[in-house]
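Please read the structure below before turning to the comments.
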Amino acid sequence: MPARMMKATFLVLLSLSCLVVFVQCYGGRNFDPLKKLIRADRLKERLIDTTLENSESEFSPVYVAPQDGLKAADKIESLPGQPNGALFDQYSGYVTVDPNAGRALFYYFTESPQNSSTKPLVLWLNGGPGCSSFGNGAMMELGPYRVHSDGETLQQNEYAWNNAANILFLESPAGVGFSYSNTTSDYNLSGDKRTAEDSYTFLVNWLERFPEYKTRDFFLTGESYAGHYVPQLAQLILQNNKNTNQTVINLKGIAFGHATIYSALGEYGCFVDRYAHAYIGNAWIDFETGLKGMYDFFWTHALVSDEINEGINLNCNFSTPFLTGVCNNYLDEADNLLSDIFIYDIYAPLCGSSNSPSISAFDPCSSDYIYSYLNIPQVQKALHANVTALPYPWESCRQFEYPSESFLLYIVGGYAVGYQNLTFVTIRGAGHFVPSYQPARGLAFFSSFLEGKLPPSS
Ligand SMILES: *[C@@H]1O[C@H](CO)[C@@H](O)[C@H](O)[C@H]1NC(C)=O
Ligand SMILES: *[C@@H]1O[C@H](CO)[C@@H](O)[C@H](O)[C@H]1NC(C)=O
Ligand SMILES: *[C@@H]1O[C@H](CO)[C@@H](O)[C@H](O)[C@H]1NC(C)=O
Ligand SMILES: *[C@@H]1O[C@H](CO)[C@@H](O)[C@H](O)[C@H]1NC(C)=O
Ligand SMILES: *[C@@H]1O[C@H](CO)[C@@H](O)[C@H](O)[C@H]1NC(C)=O
Ligand SMILES: *[C@@H]1O[C@H](CO)[C@@H](O)[C@H](O)[C@H]1NC(C)=O
Ligand SMILES: *[C@@H]1O[C@H](CO)[C@@H](O)[C@H](O)[C@H]1NC(C)=O
């Protein structure tokens, strides 16, 4: 066991390509929530919440509203600036998850162009916390359309994941993107537990609206801080499936990329073996290996000096509950040196830097185009979004107080090696946002995942 554990830890370290400290969110105009999270975490004592382990609490029926006619109302006729001849159906709108507070979550759903009635249903979640799964996940990463640099027209994404499945993008929790609450104090009262409960209520109601998907194979996927959302929602679904007399969700697998999770690497299996299969790619597995691996990565890629690296190695013990002041000073020095680097993808230029052409096809200013597009009133109308005239613009990531909780997840990773139905995959040349930087490999990975196979090796 210890040998295997060592190997897993080592491989996780190797695969940490680049993680965030302080570049702007997604290269564009917004803040970087993951940076904030990591920095906040390195300044405070780390506690691990074990509630996931002993969650055998009673199921109480969730709020379900009649959904008749709402599917038809949510159908998108056509998005402004969309290329002609969409060969698939798309829907978007709101699902109320708490009628008393007036809390409603916004979704965007794209069916598969071919054989959608036999393809699985996949929920995609972006992280943050506070980042929009629609603006980032669908419009920048794996959805069927990308926004042109004019901020008004769309182009097809050849490698969209709806080629392989019917994809549901959920803006979660309330306060993110177009999702809202009429009780605005809700925004600062989120947390992993309520996020999971609201997402579950959303799903049960959404399946009433789209009943043909009730018994469909269902997969949960996400990225970054969704390393919290995905397993916690999966846990809640499995637990409720046992007791509910409401819809049983046919969960078949989970996957998350470059995830933030905190784990006890010493324990094996008990969480994962309830799934048919689970994938974790490039995971931010825990604070110790994550932070150590990140700064090692910067040094081995010549982004920080030997002196700073030595200072970190001599003064930082990432296994202790508190990092010392000297250690934090070295980490701050490293962070300052990286301010011109897009650390989600270190070889990409920053948006606005004209001198260095991108070596990937990805445009680092994408999030600016998306921001323009999604704030056009006719676009919002076509999407059935912002129906209550929210008093702020749509943002790719919004900042509110979100107590970021650590939780205990029993996992083990291996380099494209399956351990007890959990597979750890590294995608070559991918930064934090795999479908943006490596679209073809991203889609190949996703198709393999749905079939329960290892991705092709080239
Ligand atoms: C929030 O309030 C607006 C305005 O009163 C109302 O139209 C909307 O239905 C409410 N949302 C929810 C989810 O109850
Ligand atoms: C759609 O399903 C039919 C019948 O199963 C199959 O013959 C066909 O190859 C499928 N098409 C695609 C594009 O998957
Ligand atoms: C939520 O927290 C943010 C950041 O602390 C603060 O600016 C905002 O006023 C709070 N919002 C509400 C509705 O309490
Ligand atoms: C489902 O559970 C609710 C709440 O416990 C109960 O009122 C209802 O009768 C149950 N329905 C069935 C069909 O068992
Ligand atoms: C792996 O998944 C299969 C298929 O769901 C299941 O039968 C098997 O028990 C799982 N293995 C472990 C170790 O959990
Ligand atoms: C780092 O801290 C851990 C936990 O306090 C301790 O067990 C370990 O010996 C320390 N490592 C070094 C190199 O000091
Ligand atoms: C919602 O619409 C109002 C105008 O009615 C606009 O000012 C606001 O920026 C929009 N908010 C979002 C989140 O789209």
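Whatever order the structure lists them in is the order used to number ligands and atoms, beginning at 1. Note that this is a predicted model, so its numbers are computed, not measured. Quick note: residue numbers are just sequence positions, from 1.
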Where ligand 1 meets [X] - atom numbers and elements under 4.0 angstrom, heavy-atom basis:
{"X": "A104", "result": "13 (C)"}
{"X": "G102", "result": "12 (C), 13 (C), 14 (O)"}
{"X": "T96", "result": "13 (C)"}

Do the two ring centres, one from F109 and one from Y213, sit under 6.0 Å apart?
yes
Plane angle bin for F298 and Y295 - parallel if under 30°, tilted between 30 and 60°, otherwise perpendicular
perpendicular
Specify whether Y187 and Y392 have parallel, tilted or perpendicular ring planes, treating 30° as the upper limit for parallel and 60° as the lower limit for perpendicular.
perpendicular
Distance under 6.0 Å and angle within 45° of the ring axis: does R209 meet both against Y91?
no
Would you say the side chains of Q67 and N205 form a donor-acceptor pair under 3.5 Å?
yes
Do Q90 and N162 get their side chains close enough for a donor-acceptor pair, meaning under 3.5 Å?
no
For the ring pair (Phe, Tyr, Trp, His ring centres under 6.0 Å) test, which of Y180, Y94, W206, F169 pairs with F106?
Y94
N or O contact, T388 vs ligand 1, cut-off under 3.5 Å:
no
Answer yes or no: does an N/O atom from N182 fall short of 3.5 Å to an N/O atom of ligand 1?
yes
Residue, atom name and distance, where the atom is the protein heavy atom closest to [atom]:
{"atom": "atom 8 (C) of ligand 6", "answer": "N317 ND2, 3.7 Å"}
{"atom": "atom 9 (O) of ligand 1", "answer": "Y180 OH, 4.4 Å"}
{"atom": "atom 5 (O) of ligand 6", "answer": "T320 CG2, 3.7 Å"}
{"atom": "atom 10 (C) of ligand 2", "answer": "N115 ND2, 2.5 Å"}

Can you confirm whether some protein heavy atom lies under 4.0 Å from atom 14 (O) of ligand 2, or whether none does?
yes
Less than 4.0 Å from atom 3 (C) of ligand 2, is there any heavy atom belonging to the protein?
yes
Taking distance alone, with no angle check, do Q114 and ligand 2 share an N/O pair under 3.5 Å?
no
Could you tell me whether the side chain of T244 reaches within less than 4.5 Å of the side chain of P61, counting heavy atoms only?
no
